[in-house]
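First comes the structure, then the notes that go with it.
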Amino acid sequence: MSPTSLEPLSDAALLPGRPPILHVEPREGAAAWAAEHREALRAQVTEHGVVLVRGLGLREADQVGAVFAELAGDLMAEREAFAPRQIHGPGLYSSTAWPTNQPMCMHHELSYTLDCPGLMLFACLEAPGEGGATAVADAERVLQALPTALSERFEREGWLLTRSYNDEIGASVAESFGTDDPAAIERYCKAHAIDFAWQPDGSLRTRQLRGAVVRHPLTGRRCWFNQIAFLNEWTLAPEVREYLVDVYGEDGLPFNTRFADSTPIGEDIIQLINSTYEAHTAREPWQAGDLMLVDNIRTAHSREAFTGERQVLVAMAEPQRLADSRPTGEAVRS
């Protein structure tokens, strides 16, 4: 095996319903292996949209940070987070804090930002007892499977994300923007096409219109790229949604998504999107030491409910400002 090559993924590693899995036995440390095989491994991601590497034996955050740096270079600092994370190093985070008994449905990380990560990196330090997979779905296939009228409307008009920041639910203003200075927050919002309004109690509400379908920067193929379903009220567990509406009101939910003209997106549409994702989902239970690389534009990811302890570290890299991240008013077919 040459320093710039990897054994081709075998048929056994490309089974339906599972992400591509690459089994390795590094002779040196994990970071040295990552440096040696970076280009070949990234080629696998380009070809398949995702690859899970098994056998690196990742155990410590510093080790993971070194591997991520070899594979992706500079890591991104997260901005506009929807939920808090623990910081384990520059650009190295815990998984998003989320109830263990509730799944996080399919989404593309930070697809509502103007500068979104092109690459997601995951490393499992401790596998859960049951469940907890980081499942994936091909965004090209999901787009093709959605009803044409629905996907074309979202492609033409975009989708609206509304957020109401509070100290109870979701990321705080400081966690989301990296500061609690109102002037700095306003400058960020103006620079990133986010409408904002300070409420009488001092809290912040924002609105941002984003594109729902984008062209992949390398392949040019159209991808369903958004968080329309994930951040919508109807994806929440019924009892959670009822509580939040009761406490904060319909217009004060920590996050919600709407059509571009601000009309609500019906529960039936959200269920349709989520069921389409499920029909195109690939999953593999985590094993301690696993590494997974995900093309964030081509491939959506989720986190399934789990029992026991689960420690998965996450990083974002290769920021992309996509030309069609904001809707243009005309859907494009190809």
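Between atom CG of residue Asn296 and atom CG of residue Leu293 there is a gap of 12.5 Å, rounded to the nearest 0.5 Å. Between the CD atom of Gln86 and the OG atom of Ser95 there is a distance of 10.0 Å, given to the nearest 0.5 Å. Distance check: Glu36 CD to Glu28 CD gives 7.0 Å after rounding to the nearest 0.5 Å.
Nearest approach of Leu160 to Ser262, heavy atoms of both residues: CD2-OG, 3.6 Å. When all heavy atoms of Ala191 and Leu114 are compared, the closest pair comes out as O-CD1, 4.3 Å. Annotation for Glu175 and Gly170: closest pair OE1-O, 4.3 Å, computed over non-hydrogen atoms. When all heavy atoms are compared, the tightest approach of Ala81 to Ala171 is O-CB, 3.3 Å. Closest approach of Arg42 and Leu71 over heavy atoms only: NH1-O, 3.2 Å. Taking all atoms of both residues into account, the shortest heavy-atom contact from Leu125 to Ala61 is CD1-N, 4.1 Å.
The distance between the ring centers of Tyr243 and Tyr248 does not fall below 6.0 angstrom.
Gln199 places a side-chain N or O within donor-acceptor distance of the main-chain N or O of Ala197, the cut-off being under 3.5 Å. In terms of modelled atom types and a separation under 3.5 Å, the side chain of Arg54 and the main chain of Asp290 share no donor-acceptor contact. Checked by atom type and distance alone, the side chain of Glu278 never pairs as donor or acceptor with a backbone atom of Asn274 at under 3.5 Å. A donor-acceptor distance shorter than 3.5 angstrom exists from the side chain of Thr276 to the backbone of Leu272, with no hydrogens or angles considered. Under the 3.5 Å distance criterion, the side-chain polar atoms of Tyr277 are left unmatched by any main-chain donor or acceptor of Ser302. A side-chain donor-acceptor contact under 3.5 Å links Arg310 to the backbone of Gly132. For the pair Thr299 (side chain) and Val294 (backbone), a donor-acceptor distance under 3.5 Å is absent. A donor-acceptor distance shorter than 3.5 angstrom exists from the side chain of Gln208 to the backbone of Tyr112, with no hydrogens or angles considered. Side chain of Thr162 to main chain of Arg207: no donor-acceptor pair is present (N/O by atom type, distance under 3.5 Å, no hydrogens or angles). A donor-acceptor pair under 3.5 Å links the side-chain atoms of Asn232 to the main chain of Thr257, judged by distance alone.
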Item to complete: Check the pair Trp224 / Glu140 against side-chain contact (heavy atoms from CB on, under 4.5 Å), numbers first and verdict last.
Response: CA-CA 6 Å; Trp224 178 254; Glu140 295 178 37; over 6 Å; no
Discussion item. Using the rule given for side chain to side chain donor-acceptor pair (under 3.5 Å), can you reason through Ser94 versus Arg85, listing the C-alpha separation, both sets of side-chain angles and the distance that settles it, and then say yes or no?
Written reply: CA-CA 5 Å; Ser94 68; Arg85 300 180 188 268; 5.8 Å; no
Fill in: side-chain contact (heavy atoms from CB on, under 4.5 Å) between Thr134 and Trp286, worked out
CA-CA 8 Å; Thr134 299; Trp286 281 115; 3.0 Å; yes
Discussion item. Applying side-chain contact (heavy atoms from CB on, under 4.5 Å) to Glu78 and Glu109, what does each step give before you reach the verdict?
Written reply: CA-CA 10 Å; Glu78 185 177 36; Glu109 200 73 25; 4.0 Å; yes
Discussion item. Between Tyr165 and Ser203, does the side-chain contact (heavy atoms from CB on, under 4.5 Å) criterion hold? Intermediate values first, please.
Written reply: CA-CA 6 Å; Tyr165 293 86; Ser203 64; 5.7 Å; no
Fill in: Steps toward side chain to side chain donor-acceptor pair (under 3.5 Å) verdict (Trp198, Glu186)
CA-CA 10 Å; Trp198 297 101; Glu186 291 181 11; 2.8 Å; yes
Discussion item. Evaluate Asp115 against Thr113 for side chain to side chain donor-acceptor pair (under 3.5 Å), listing each step before the verdict.
Written reply: CA-CA 5 Å; Asp115 298 295; Thr113 63; over 6 Å; no
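Other residues, nucleotides and ligands contribute more than 12 heavy atoms inside 6.0 Å of the CZ atom of Arg79. Counted within 6.0 Å of CD on Glu242, heavy atoms from surrounding residues, nucleotides or ligands total 12 or fewer; the atom is thus considered open. Counting heavy-atom neighbours within 6.0 Å of Arg205 CZ, excluding the residue itself, gives a total above 12. Counting heavy-atom neighbours within 6.0 Å of Glu126 CD, excluding the residue itself, gives a total above 12. Glu239 CD: more than 12 foreign heavy atoms inside a 6.0 Å radius. Other residues, nucleotides and ligands contribute over 12 non-hydrogen atoms within 6.0 Å of the CG atom of Asp181. Within 6.0 Å of the CD atom in Glu267, the count of heavy atoms belonging to other residues, nucleotides or ligands exceeds 12.
Under the 4.0 Å criterion applied to side-chain N and carboxylate O atoms, Arg283 and Glu304 are assigned as salt-bridge partners. Salt bridge Glu155/Arg222: present, at least one basic N to carboxylate O contact under 4.0 Å. A salt bridge links Glu250 with Arg241: at least one charged nitrogen is closer than 4.0 Å to a carboxylate oxygen. Here Arg258 pairs with Asp251 in a salt bridge; the nearest charged N to carboxylate O distance falls below 4.0 Å. Using a 4.0 Å cut-off between charged side-chain N and carboxylate O, Arg38 and Glu70 make no salt bridge.
Looking only at side-chain heavy atoms (C-beta outward), Phe225 and Leu322 come within less than 4.5 Å of each other. Using a 4.5 Å heavy-atom threshold, the side chains of Asn226 and Phe154 count as separate. The shortest side-chain heavy-atom distance between Tyr93 and Ile87 falls under the 4.5 Å cut-off. Using a 4.5 Å cut-off on side-chain heavy atoms (C-beta onward), Arg210 and Leu161 make no contact. Between Cys223 and Val213, the closest side-chain pair of non-hydrogen atoms is not below 4.5 Å. Using a 4.5 Å heavy-atom threshold, the side chains of Tyr188 and Ile194 count as touching. Contact of the His107 side chain with the His301 side chain is registered, since non-hydrogen atoms from C-beta on lie closer than 4.5 Å. With contacts defined as side-chain heavy-atom distances shorter than 4.5 Å, the pair Pro128/Thr307 does not qualify.
No continuous path of ILVMFWY side-chain contacts below 4.5 Å connects Leu313 to Phe306, so the two sit in separate hydrophobic clusters. The hydrophobic clustering, which links ILVMFWY residues whose side-chain heavy atoms are closer than 4.5 Å, places Leu218 and Leu119 apart. Note: the hydrophobic cluster containing Leu244 does not contain Leu231 (ILVMFWY, side chain heavy atoms under 4.5 Å, direct or indirect links). Hydrophobic clustering of Ile, Leu, Val, Met, Phe, Trp and Tyr side chains at less than 4.5 Å, counting indirect connections, keeps Phe82 apart from Ile169. Hydrophobic clustering of Ile, Leu, Val, Met, Phe, Trp and Tyr side chains at less than 4.5 Å, counting indirect connections, unites Val142 with Val136.
A tilted orientation is assigned to the rings of His37 and Trp33, their planes being inclined by 30° to 60°. Ring geometry, Phe255 versus Trp98: the interplanar angle falls under 30°, so the pair is classed parallel (tilted spans 30 to 60°).
Geometrically, Arg153 engages Phe259 in a cation-pi contact defined by less than 6.0 Å to the ring centre and at most 45° from the axis.
Under the ring pair (Phe, Tyr, Trp, His ring centres under 6.0 Å) criterion, no residue pair touches residues 124-152, with sequence neighbours excluded.
Tested against Val51 for a side-chain contact (heavy atoms from CB on, under 4.5 Å), the candidates Asp295, Leu291, Leu22 yield a single pass: Leu22.
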